[in-house]
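So the structure is just underneath, and the comments pick up after that.
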Amino acid sequence: MTDRLDASSAAAASGSPVSGVPAGPTAAAAAGARGLHAFVAGLPKAELHVHHVGSASPRIVSELAARHPDSKVPTDPEALADYFTFTDFAHFIEVYLSVVDLIRTPEDVRLLTYEVARDLARQQVRYAELTVTPFSSTRRGIDERAFMDAIEDARKAAEAEFGTVLRWCFDIPGEAGLEAAEETTRLATDDRIRPEGLVSFGLGGPEVGVERPQFKPYFDRAIAAGLRSAPHAGETTGPQTVWDALTHLRAERIGHGTSSAQDEKLLAHLAEHRIALEVCPTSNIATRAVRTLDEHPIREFVKAGVLVTVNSDDPPMFGTDLNNEYAVAARLLDLDERGVAGLAKNAVEAAFLDEAGKARLRTEIDAYATGWLAP
Ligand SMILES: Nc1ncnc2c1ncn2[C@@H]1O[C@H](CCC(=O)c2cccc(C(=O)O)c2)[C@@H](O)[C@H]1O
Ligand SMILES: [Zn+2]
């Protein structure tokens, strides 16, 4: 499909004003691409779909692997790149869990979290909602109180030292079933244990055979406790999974939602109700959820007026980072700098952040884009 959107319609559809023009297919485009990468690198950003363990850098993973020689995870960063090559989604989960197995002490948790925050700050990420799976750590023997203290300690240090604001999304690893759902809900709603930075509740892992409606009681409890709902859906299964997340889990945002493009009514519903899709282009290719980037449905989403946010999911595992995901989205949507700034502002609109915080981020993005584009 080659229905290329020009920057104006793309950015307009994505909810932000633009007067930019699409880069032409010439040397100017090459210069523009270089300029665009530089623009993205400095652009203040918010990231809404990025996993805690999935963000462990090769350096951190190899350091943790060295601490645990019994692990099959390579200690050599180069070998790790091969190790992070997946044949399908199930293989991705298997590799993901082998990294989860490396996180064995509260010190491992704090080191991981602080370094992830450092990597986000390096990309000018001012605000990130990090998806954390506490069940996977508590069931592996990490004390729940120590776990919460470790992530909160790193969160506060990151805000003080990097200026990056972190919030948590606690997600249920759905394939682990209702035991995991109960434990995750308890950790997310018990005021004696839930961390101050917790804002949302999610559902991750394989979708095949993991029907969303069964988790309704747990999402009801989390929402009643003031948490926002942002489950994965439509990543490796069809649009019905997205419908189920909307109707049974009262999703306010959808992780991936890739298969939404197969259902016109669903696209219209998402657009009408401003339910953001947390789009992670390279993730979808790496896990084989989508065959090639040119076949990625992000253009259909924008064309349908859906609120599209750009995210990295598990960046080191997918050989990417958030800046690269913005560059990929800009290429697929044929965006200039103003259009890319519009994507950043989409993430601010969809963030589970108070209005004052959103206003600050919007001002930062506008000031940066204006400064960049000034003659
Ligand atoms: N793109 C992604 N799409 C979906 N999820 C993703 C993605 N990236 C990262 N995740 C994370 O993968 C985990 C999967 C954990 C899991 O399935 C599982 C199954 C059985 C037992 C246990 C256990 O811990 O004992 C865990 C989830 O927690 C989720 O947060
Ligand atoms: Zn994810």
Side-chain angles (χ1 to χ4, degrees), residues 47-56 61 84 86 88-104 109 112-113 116 128-142 144 147 151 168-185 187-188 198 200-212 214-215 218 229-237 241-242 245 249 251 253-259 276-290 296 309-320 322 325:
E47 181 153 29
L48 308 179
H49 190 120
V50 58
H51 292 265
H52 184 222
V53 171
S55 295
V61 173
F84 286 162
F86 315 107
D88 59 14
F89 189 80
H91 179 212
F92 158 67
I93 293 293
E94 181 194 327
V95 169
Y96 188 91
L97 289 177
S98 71
V99 178
V100 171
D101 286 335
L102 295 178
I103 317 292
R104 300 187 189 176
V109 174
L112 163 67
T113 313
V116 166
E129 294 173 11
L130 212 49
T131 296
V132 177
T133 314
F135 171 79
S136 294
S137 288
T138 58
R139 75 168 297 189
R140 283 170 174 75
I142 295 183
E144 61 191 43
F147 181 87
I151 61 172
W168 313 120
C169 172
F170 277 5
D171 87 332
I172 300 168
E175 200 181 43
L178 299 188
E179 176 208 359
E182 179 56 43
E183 177 71 354
T184 307
T185 306
L187 293 169
L198 183 64
S200 60
F201 197 70
L203 173 60
E207 293 176 13
V208 176
V210 184
E211 304 304 317
R212 263 64 188 138
Q214 66 186 311
F215 298 103
Y218 306 96
S229 171
H232 288 61
E235 178 185 17
T236 56
T237 54
T241 307
V242 180
L249 310 184
R253 292 195 324 236
I254 296 287
H256 298 279
T258 312
S259 61
L277 293 185
E278 301 160 357
V279 179
C280 312
T282 302
S283 165
N284 298 149
I285 305 304
T287 64
R288 317 297 173 135
V290 175
H296 195 285
T309 68
V310 175
N311 307 272
S312 64
D313 206 5
D314 306 279
M317 291 187 173
F318 301 142
T320 189
L322 184 61
E325 294 310 294

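Just so you know, ligand 1 is whichever comes first in the structure, and atom 1 is the first atom listed for that ligand. Given the structure is predicted, the values throughout are model-derived calculations rather than measurements.
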### Query
What do you reckon, does M317 put a non-hydrogen atom under 4.0 Å from ligand 1?
no
### Query
Any non-hydrogen atom of R140 lying under 4.0 Å from ligand 1?
yes
### Task
State yes or no: are the ring centers of Y218 and F201 separated by less than 6.0 Å?
no
### Task
State, to the nearest 10 degrees, the angle whose vertex is the Zn ion (ligand 2) and whose arms point to NE2 of H51 and NE2 of H49.
110°
### Message
In terms of relative ring orientation, are H51 and H49 parallel, tilted or perpendicular, with 30° and 60° separating the classes?
### Response
perpendicular
### Task
Could you grab the angle centred on the Zn ion (ligand 2), going from OD1 in D313 to NE2 in H232, to 10°?
170°
### Query
Going by the atom numbers of ligand 1, which of them fall below 4.0 Å from some non-hydrogen atom of P206?
17 (O)
### Task
Any atoms of ligand 1 less than 4.0 Å from a non-hydrogen atom of D313? List them with their elements.
1 (N), 2 (C), 8 (N)
### Query
If you count the atoms of ligand 1 from 1 in the order shown, which ones are under 4.0 Å from a heavy atom of H256?
1 (N)
### Query
Which one of E175, H51, E179 has a non-hydrogen atom at the shortest distance from atom 6 (C) of ligand 1?
H51
### Query
Taking atom 5 (N) of ligand 1 as the point of reference, which of G205, G202, S55 owns the nearest heavy atom?
G205
### Query
For ligand 1, which atoms sit closer than 4.0 Å to a heavy atom of S136?
23 (C), 24 (O)
### Message
Can you tell me how the ring of F86 sits relative to the ring of H91, calling it parallel under 30°, perpendicular over 60° and tilted otherwise?
### Response
perpendicular
### Task
Show which atoms of ligand 1 fall inside a sub-4.0 Å distance from at least one heavy-atom site of F89.
3 (N), 4 (C)
### Query
Out of curiosity, is V100 lining ligand 1, as in a heavy atom under 4.0 Å away?
no
### Query
Hey, is the Zn ion (ligand 2) within less than 2.8 Å of some N/O/S atom on H256?
no
### Query
Going by heavy atoms in the side chains, are H52 and V109 under 4.5 Å from each other?
yes
